[in-house]
Amino acid sequence: MAHDHHDHHDRQDHHGHHGRQDHHGHHGHTDVDWAVMAPMLEAQAELFAPLYRSVMAWLAKEVTEPGLIVDTGSGPGVVSCLFAEAFPGARVVAVDGSEPLLERARARAARLALADRFGTIAGELPGALGELDYPADLLWASNSLHHLGDQRAALVAFAERLAPGGTLALLEGGLPARFLPRDIGFGRPGLQTRLDVVEAEWFTRMRAELPGAVTETEDWPALLTAAGLKHTGTRSFLLDLPAPVTDQARAYVAAVLTRLRDALPDGLDRDDRATLDRLLDPGDEASVHRRSDVFVLKAHTVHTAVRSA
Ligand SMILES: C[S@@+](CC[C@H](N)C(=O)[O-])C[C@H]1O[C@@H](n2cnc3c(N)ncnc32)[C@H](O)[C@@H]1O
């Protein structure tokens, strides 16, 4: 999630993730247990719903009346369901390696009365896309491509599953989230900037340890072009929730900072760890649970590309 890194700070071993068994137990510190991440992924996507709706309004200018939308690496399906709502004529298929997350996606679709045009495919990407019955008119991949070892090859496989004239929309990168002023009244100012550095290093390690990892210049438009598509646009979308924030946003900020503190302790010095402890202590008036200046500011970048008709 700069990459949006809030998605992968788990130190636990990987459970039930198809095709990653060779990885199991060797490099557990960058391996993500996606099922454990479910509540966090869900809460995050729900908070970001206004941003996704803006993305969809933008996509609707390029993609008119899609028959099939595929959410590649959908996670718990919050965004998949937003697609089903934004494009009422479309069938949506959520594809993910984690069956527990897809279960949540199906349950959400049922709750929202979308089940009749909602399906899921469980399996390792990009191969699982081979199970689609039809080519996609819109293939969406949000913060999922960067979890695949060979991103260039995966984009070629994604492009091959597009219908003629179909659009691939890739959400990767943007700006790291900000939740607090530079100076919060205690600790060394600039905590979030230092957390960004630790996260960026974690991200590099996570990628290097993926099965079949290939290093790649993250020039997404160039990679989309190399996959045989025509790059049609790049736009960044802002989530701007100024202080004072809702309890939902506060809980999200606390969850992200908790993960950072617990999953990346080695990169932080003792003072910063103590600052995080204070920020996360609900009994402390200066904590993110209670202080008045908490906000959420975050940018996501989306790149679109079209398969020739
Ligand atoms: C960071 S989450 C993104 C979820 C959702 N797209 C969003 O933007 O909120 C990454 C998702 O990719 C899935 N994933 C990661 N590696 C995968 C792989 N090799 N094959 C299939 N799915 C994978 C995970 O299960 C997880 O649901």
Side-chain angles (χ1 to χ4, degrees), residues 1-10 12 14-24 30-49 51-53 55-56 69-83 92-106 108 120-132 138-151 153-155 157-158 161 169-174 177 199 202-203 206-207 209-214 237 239 252 255-256 259 263 298 300-302:
M1 307 187 186
H3 305 271
D4 224 65
H5 294 183
H6 306 142
D7 53 341
H8 29 56
H9 302 302
D10 230 79
Q12 308 194 27
H14 213 278
H15 298 296
H17 199 149
H18 305 238
R20 307 274 302 269
Q21 283 79 1
D22 54 334
H23 209 45
H24 197 101
T30 61
D31 221 354
V32 185
D33 185 334
W34 291 109
V36 168
M37 294 292 293
M40 168 82 182
L41 287 173
E42 239 169 39
Q44 173 166 286
E46 284 168 0
L47 189 69
F48 278 70
L51 182 150
Y52 293 122
R53 289 202 183 92
V55 173
M56 288 170 199
I69 299 174
V70 177
D71 187 352
T72 311
S74 62
V78 179
V79 180
S80 324
C81 287
L82 289 173
F83 268 112
V92 175
V93 175
V95 185
D96 203 277
S98 167
E99 175 55 25
L101 292 185
L102 292 178
E103 254 174 64
R104 283 178 178 253
R106 288 190 298 272
R108 174 176 293 267
T120 60
I121 294 175
E124 192 68 16
L125 286 165
L129 292 177
E131 289 172 43
L132 287 169
L138 172 59
L139 193 146
W140 166 257
S142 164
N143 282 322
S144 52
L145 183 70
H146 65 239
H147 291 292
L148 306 184
D150 189 341
Q151 300 176 104
L155 279 180
F158 290 4
R161 296 309 297 153
L170 188 64
L171 186 153
E172 286 288 344
E199 279 196 281
W202 184 95
F203 189 86
M206 181 280 292
R207 278 222 42 86
E209 293 175 359
L210 285 173
V214 177
F237 296 84
L239 181 74
Y252 166 72
V256 171
R259 299 202 72 78
K298 163 84 183 150
H300 279 305
T301 301
V302 180

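Ligands are counted one by one from 1 in listed order, and the atoms in each one are counted from 1 as well.
Near L101, meaning under 4.0 Å from any of its heavy atoms, are these atoms of ligand 1: 27 (O). Counting the atoms of ligand 1 from 1 in the order shown, those under 4.0 Å from a heavy atom of E124 are 18 (C), 19 (N), 20 (N). For ligand 1, the atoms closer than 4.0 angstrom to any heavy atom of N143 are 1 (C), 3 (C), 10 (C). Distances below 4.0 Å separate heavy atoms of H147 from the following atoms of ligand 1: 1 (C), 10 (C), 15 (C), 16 (N). Within ligand 1, counting atoms from 1 as listed, the ones closer than 4.0 Å to a heavy atom of G97 are 21 (C), 22 (N).
Closest of all the heavy-atom pairs between L170 and L145 is CD1-CD2, 3.9 Å. What you find for L101 and A38 is that their closest heavy atoms are CD2-CB, 3.3 Å. In terms of heavy atoms, S74 sits closest to L102 at OG-CD2, 3.6 Å.
Remark: ligand 1 and L41 share no N or O pair separated by less than 3.5 Å (distance only, no angle test). Geometrically, ligand 1 and S144 share no nitrogen or oxygen pair separated by less than 3.5 Å. On a distance-only criterion, D96 and ligand 1 share at least one N/O pair closer than 3.5 Å.
Between V92 and W140 there is no side-chain heavy-atom pair separated by less than 4.5 Å. The shortest side-chain heavy-atom distance between M37 and R259 falls under the 4.5 Å cut-off.
Formation of a donor-acceptor pair under 3.5 Å by the E172 side chain with backbone atoms of H146 is found in this model. Although no hydrogens or angles enter the test, the distance criterion places a donor-acceptor pair under 3.5 Å between the side chain of R207 and the main chain of L148.
Here the shortest heavy-atom distance to atom 11 (C) of ligand 1, taken over A35, G73, A38, belongs to G73. Atom 3 (C) of ligand 1 has its nearest heavy-atom neighbour, among G75, S142, A94, in S142.
Relative orientation of the W34 and H147 rings is perpendicular, given thresholds of 30° and 60° on the angle between their planes.
Residue L148 touches ligand 1 through its side chain alone, judged by heavy-atom distances below 4.0 Å. In S74, the part holding a heavy atom less than 4.0 Å from any atom of ligand 1 is the backbone. Neither the backbone nor the side chain of V32 has a heavy atom within less than 4.0 Å of ligand 1.
For E131 and R161, the salt-bridge test fails: no basic side-chain N is under 4.0 Å from an acidic carboxylate O.
Within the 4.0 Å heavy-atom cutoff, G123 counts among the residues contacting ligand 1.
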